[in-house]
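Before any comments, here is the structure.
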Amino acid sequence: MTGSETTPSFRLAYVPGVTPTKWVRIWNERLPGVPLTLVPVSPAEAPDVLRGGGADAGFVRLPVDRTGLSAIPLYTETTVVVVPKDHLVAAVDEVSVEDLADDIVLHPLDDTLDWEHPPGRPANERPETTADAVELVAAGVGLLIVPQSLARLHHRKDLTYRPVGGAPESRVALSWPEEETTDLVEDFIGIVRGRTVNSTRGRAQAPAQPKEKRSAPPAPRRKPNQGKPSSRTPKPTKRPRRPR
């Protein structure tokens, strides 16, 4: 089978907390003949998956190693602290990093927030994943600071969350191998950026067909001598004869 006979497809990686449903729906409406496959990845492995050809494009959390990758920042998430519902933090609308100084704050190994100095008191061990850390919060071991989408992803009835002022924020970006900016990648970039299906940016559009030239209407026939002096000599006017 030659390359030209291969059915086109598109593989989209995404990290936990990102919900690509809306963009996938638009893709299926615009390119029904190109199946889109979702590839869930962890934040740490996402760049290598893209560089290694495991996906054509992907949603990643910044900062990442951008070597060999292009990226378009899309949005910035609110940072929240996950606490038990009976914790004092649950009684307020927002807290600051300083307010958590006396609490044990869990710092999982897959944390994507770019902390210079993690707040609160450290736990004896770092949880392996954010999901593990949420279980420890539910067990009363400590608190957890994460992007809001991750707090929603790991929601539990016995936990709640509140915004944290002064904490780093997580930025989500669309990334792809910079040497593989294919037509399909351009199509997906256009969808994510909200371009309409008729947009001329991104993927090359089919050349417009030239309009048919209308033949000029025939010139009206000019009546003989119209607009020109007559070439015929006028007959002399006869004078009446005088009676003799």
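Across Leu36, Asp56, Thr182, a single residue satisfies side-chain contact (heavy atoms from CB on, under 4.5 Å) together with Phe188, and that is Leu36. Screening Thr21, Leu31, Ile191 against Ile26 for a side-chain contact (heavy atoms from CB on, under 4.5 Å) leaves a single residue, Ile191.
In this structure a side-chain-to-backbone donor-acceptor pair under 3.5 Å is missing from Arg11 to Thr37. Within the 3.5 Å criterion, the main-chain N or O of Pro168 finds a donor-acceptor partner in the side chain of Thr79. A donor-acceptor distance shorter than 3.5 angstrom exists from the side chain of Trp27 to the backbone of Val34, with no hydrogens or angles considered. Here the side chain of Asp103 pairs no donor or acceptor atom with the backbone of Gly120 at under 3.5 angstrom. Under a 3.5 Å cut-off, the side chain of Asp99 and the backbone N or O of Ser96 do form a donor-acceptor pair. A distance-only check finds no donor-acceptor pair linking the side chain of Arg61 to the backbone of Val172 [under 3.5 Å]. Proximity of a side-chain donor or acceptor of Arg126 to a complementary backbone N or O of His107 within less than 3.5 Å is detected.
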What verdict does the side chain to side chain contact (heavy atoms under 4.5 Å, CB included) test give for Ile145 and Val105, after you've listed the backbone C-alpha separation in whole Å, the side-chain angles of each residue and the deciding distance to 0.1 Å? CA-CA 7 Å; Ile145 300 178; Val105 178; 4.1 Å; yes
Evaluate Asp111 against Thr130 for side chain to side chain contact (heavy atoms under 4.5 Å, CB included), listing each step before the verdict. CA-CA 7 Å; Asp111 183 22; Thr130 297; 6.0 Å; no
The test is salt bridge (Lys or Arg N to Asp or Glu O under 4.0 Å); show your working for Asp158 and Lys85 and say whether it passes. CA-CA 6 Å; Asp158 53 349; Lys85 281 191 172 180; over 6 Å; no
When you look at Val24 and Leu38, which way does the side chain to side chain contact (heavy atoms under 4.5 Å, CB included) test go after all the steps? CA-CA 9 Å; Val24 173; Leu38 291 175; 4.0 Å; yes
When you look at Gln148 and Tyr161, which way does the side chain to side chain contact (heavy atoms under 4.5 Å, CB included) test go after all the steps? CA-CA 8 Å; Gln148 183 169 306; Tyr161 58 85; 4.0 Å; yes
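Atom CD of Glu29 has more than 12 heavy atoms from other residues, nucleotides or ligands within 6.0 Å. In this structure, Arg162 places its CZ atom where more than 12 heavy-atom neighbours from other residues, nucleotides or ligands lie under 6.0 Å away. Counted within 6.0 Å of CG on Asn124, heavy atoms from surrounding residues, nucleotides or ligands total 12 or fewer; the atom is thus considered open.
At least one side-chain heavy atom of Val83 sits under 4.5 Å from a side-chain heavy atom of Thr160. Taking 4.5 Å as the limit, every side-chain heavy atom of Val146 sits out of range of all side-chain heavy atoms of Val134. At least one side-chain heavy atom of Leu62 sits less than 4.5 Å from a side-chain heavy atom of Pro73. Taking the side chain as every heavy atom from C-beta outward, Leu143 and Val82 never approach each other to under 4.5 Å. Put simply, the side chain of Val89 reaches to within 4.5 Å of the side chain of Leu100, judged on heavy atoms. For the pair Arg193/Ile72, a side-chain contact is recorded, criterion being any heavy-atom separation below 4.5 Å from C-beta on.
Linking Ile, Leu, Val, Met, Phe, Trp and Tyr residues whenever their side-chain heavy atoms come within less than 4.5 Å places Val185 and Leu174 in a single cluster. Under the 4.5 Å side-chain heavy-atom criterion for grouping Ile, Leu, Val, Met, Phe, Trp and Tyr, Phe10 is connected to Val39 within one hydrophobic cluster. One hydrophobic cluster, built from ILVMFWY side chains closer than 4.5 Å, cannot hold both Val41 and Leu109; they sit in different ones. Trp115 and Leu150 are assigned to two separate hydrophobic clusters, defined by single-linkage of ILVMFWY side chains at heavy-atom distances under 4.5 Å. One hydrophobic cluster holds both Leu12 and Val192 under the rule that ILVMFWY side chains link at heavy-atom gaps under 4.5 Å.
Atoms CG and CG, on Asp132 and Leu106 in that order, are 10.5 Å from each other to the nearest 0.5 Å. One finds the CG atom of Leu69 at 11.5 Å from the CD atom of Glu180 (value rounded to the nearest 0.5 Å). Distance check: Ile189 CD1 to Arg195 CZ gives 7.0 Å after rounding to the nearest 0.5 Å. Taking CD1 of Ile104 as the start and CZ of Arg121 as the end, the distance is 4.5 Å to the nearest 0.5 Å.
The shortest non-hydrogen separation linking Thr78 to Pro163 is CG2-CB, 4.3 Å. Of all heavy-atom pairs between Leu159 and Pro84, the closest is CD2-CA, 3.8 Å. Scanning both residues, Pro127 and Leu136, for their nearest heavy atoms gives CG-CD1, 3.7 Å. Of all heavy-atom pairs between Leu50 and Gly58, the closest is CD2-N, 3.7 Å. When every heavy atom of Ala167 is checked against every heavy atom of Val97, the shortest pair comes out as N-CG2, 3.8 Å. Annotation for Ser42 and Pro16: closest pair CA-CD, 4.3 Å, computed over non-hydrogen atoms.
With respect to the salt-bridge test (charged N to carboxylate O, under 4.0 angstrom), the residues Arg156 and Glu135 qualify. In summary, Arg66 and Glu178 do not engage in a salt bridge, as defined by a charged side-chain N under 4.0 Å from a carboxylate O.
In the model, Ser175 has no side-chain atom that pairs as donor or acceptor with a side-chain atom of Arg51 under 3.5 Å. There is no side-chain donor-acceptor pair under 3.5 Å between Ser170 and Glu77. The closest side-chain donor-acceptor pair between Asp110 and Thr129, if any, does not fall under 3.5 angstrom.
Separation of the Trp23 and Tyr14 ring centroids does not fall under the 6.0 Å cut-off.
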